[in-house]
Amino acid sequence: MSEFLRACRCEATRWTPIWLMRQAGRYQQEYRELRARVGFLELCKTPELAAEVTLLPVKQFELDAAIVFADILLVLEPLGIGFEFTDSEGPQLRRPLRDTRRIAELHLPEDLEDRLAYVGETIRLTCRELPRALPLIGFAGAPFTLASYVVEGGGSRHYMHTKKLMYSDPGAWHALMARLTEAVARYLKLQVAAGASALQVFDSWVGCLSPADYVSHVKPHMQALFSQLDPGVPVIHFGTGNPALYPLMKEAGGDVIGIDWRVDLGVQWKALGETAIMGNLDPGRLLGHREQLLAATRKVLASAAQRPGHIFNLGHGILPQTPVDQVKALVDSVHEESAR
């Protein structure tokens with residue numbers, strides 16, 4: 001078993017495993033060259049190219065896991081929710097869902113898995129080529145983060161439309177969340193069937209909620225999601241923006257809690273108790289001086305204190321401006337500093 005999978009199960013490892021969110025992407029010259037020729041959605045939907053991109057960082061660095069190249073919004077297309085990617089504003093939905101009637105009309109197609117088969121094929125192709133038998137992580141957006149995209153129509157600072165729906169029409173809100181939960185569960189099971197040996201659920205926007213709102217509007221759906229997944233496949237439950245939610249996220253489910261850089265890892269781990277934990281270097285550290293990057297890396301490792309169950313990662317995705325040699329220095333440093 002790989003060091004990454006051992007850590008997911010809180011087992012002792014020979015070193016602290018490391019992988020990085022968005023580890024295949026715009027900071028890599030090879031990726032930028034490919035994107036100059038191929039649109040983002042075309043890239044996601046072309047398994048041979050998506051597998052090539054997935055493999056780029058694990059061939060370039062001594063990472064302990066790969067993560068399939070895809071996007072959290074892909075699962076929306078089979079539901080009839082159209083979106084497009086723009087260079088200036090990111091993903092944009094053509095027709096946000098903000099009323100009861102349209103939400104009531106939202107149904108999951110029987111052939112959802114067939115419509116997302118290209119992701120499964122990407123996973124199969126990647127698994128054949130992974131060096132050193134590395135584990136491959138599949139992923140999906142969490143129901144709340146997807147619901148926010150669906151309701152807001154894109155990125156948001158205040159989540160005004162999302163919260164308006166939650167507070168003014170809780171029936172419609174829960175109906176939307178239930179449908180998205182079922183879609184995500186089926187999508188993740190498709191990825192496991194194709195060969196993913198671990199999963200990550202990204203709740204990147206859930207930090208905008210209070211703990212009370214999380215309990216009433218999100219937690220039941222997350223529990224329903226995790227209950228449908230194979231307990232033999234470890235799941236990382238990642239959230240950002242509100243450390244008060246981490247204990248509630250642990251209660252909701254997942255084998256590993258992914259935390260951002262706004263908390264001390266050791267303090268947060270002590271508060272969470274028995275669980276594996278992932279994090280939590282500030283992605284901005286990779287833009288600074290090398291000595292400061294390595295010092296910050298050692299601080300995270302010291303905070304974890306070699307406790308079984310730590311997976312080193314950033315507190316969010318790699319920034320596009322990150323120098324490649326900084327990534328290599330980080331990965332090498334984690335392995336050298338944490339060798340048991």
Side-chain angles (χ1 to χ4, degrees), residues 1-23 54-55 57-68 126-127 130-139 192 195-201 229-238 246 249-250 253-261 263-282 285-286 293-316 318 327-340:
M1 185 184 297
S2 72
E3 303 307 297
F4 166 76
L5 292 175
R6 290 183 191 279
C8 287
R9 296 177 168 88
C10 288
E11 298 175 2
T13 58
R14 292 171 291 173
W15 59 80
T16 299
I18 176 173
W19 71 278
L20 304 172
M21 288 181 279
R22 294 185 191 151
Q23 67 184 24
T54 301
L55 291 164
V58 296
K59 291 179 177 179
Q60 199 166 15
F61 313 112
E62 293 294 322
L63 293 154
D64 293 291
I67 184 167
V68 63
T126 302
C127 288
L130 274 173
R132 309 184 307 278
L134 284 180
L136 179 65
I137 303 168
F139 73 90
V192 171
S197 48
L199 299 170
Q200 175 151 323
V201 178
L229 302 179
D230 182 348
V233 178
V235 183
I236 303 166
H237 188 178
F238 172 75
Y246 291 136
M249 290 170 55
K250 180 190 173 188
D255 303 281
V256 184
I257 301 299
I259 65 175
D260 69 19
W261 67 94
V263 293
D264 178 274
L265 185 140
V267 172
Q268 186 65 65
W269 205 351
K270 183 178 180 180
L272 288 173
E274 283 302 314
T275 186
I277 197 165
M278 186 182 80
N280 68 334
L281 187 73
D282 186 338
R285 286 287 187 180
L286 288 157
L293 166 63
L294 299 183
T297 301
R298 289 191 291 269
K299 185 175 181 180
V300 172
L301 291 170
S303 192
Q306 293 195 338
R307 176 178 169 181
H310 179 213
I311 298 164
F312 199 103
N313 209 313
L314 305 179
H316 210 283
I318 295 179
V327 177
K328 184 179 188 308
L330 169 64
V331 174
D332 292 346
S333 174
V334 169
H335 286 150
E336 292 166 7
E337 296 285 344
S338 68
R340 317 295 194 229

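What you see is a predicted model; the values in this text were computed from it and never measured. FYI, side chains are in, hydrogens and waters are out, and symmetry mates aren't considered; it's all heavy atoms of this structure.
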Roughly how far apart are [X] [atom1] and [Y] [atom2], rounded to 0.5 Å?
| X | Y | atom1 | atom2 | value |
| --- | --- | --- | --- | --- |
| Ser303 | Gln268 | OG | CD | 10.5 Å |
| Leu5 | Ser197 | CG | OG | 5.0 Å |
| Leu293 | Arg285 | CG | CZ | 8.5 Å |
| Ile318 | Arg22 | CD1 | CZ | 9.5 Å |
| Met278 | Trp19 | CE | CH2 | 5.0 Å |
| Leu55 | Leu134 | CG | CG | 9.5 Å |

Could you point out which residue of Asn313, Val334, Leu330 forms a side-chain contact (heavy atoms from CB on, under 4.5 Å) with Leu281?
-> Leu330

Contact check, side chains of [X] and [Y], non-hydrogen atoms, under 4.5 Å:
| X | Y | value |
| --- | --- | --- |
| Ile311 | Cys8 | yes |
| Thr297 | Phe312 | yes |
| Phe4 | Ile137 | yes |
| His335 | Ile18 | yes |
| His310 | Val300 | yes |
| Asn280 | Asp260 | no |
| Leu199 | Pro234 | no |
| Met249 | Phe238 | no |

How close do [X] and [Y] get, counting heavy atoms only, and between which atoms?
| X | Y | answer |
| --- | --- | --- |
| Asp64 | Pro17 | OD2-CA, 3.2 Å |
| Gly253 | His237 | O-ND1, 2.9 Å |
| Gln23 | Ala66 | NE2-CA, 3.6 Å |
| Val331 | Glu62 | CG1-O, 3.5 Å |
| Gly279 | Leu265 | O-CD1, 3.5 Å |
| Glu337 | Leu301 | CB-CD1, 3.6 Å |

Determine whether the side chains of Asp264 and Trp269 contain a donor N or O and an acceptor N or O closer than 3.5 Å.
-> no

Are the side chain of [X] and the backbone N or O of [Y] linked by a donor-acceptor pair below 3.5 Å?
| X | Y | result |
| --- | --- | --- |
| Arg340 | Thr13 | yes |
| Asp255 | Val235 | yes |
| Glu3 | Arg14 | yes |
| Thr54 | Val68 | no |

Given Phe139 and Val201, is the side-chain contact (heavy atoms from CB on, under 4.5 Å) satisfied, shown in steps?
-> CA-CA 6 Å; Phe139 73 90; Val201 178; over 6 Å; no

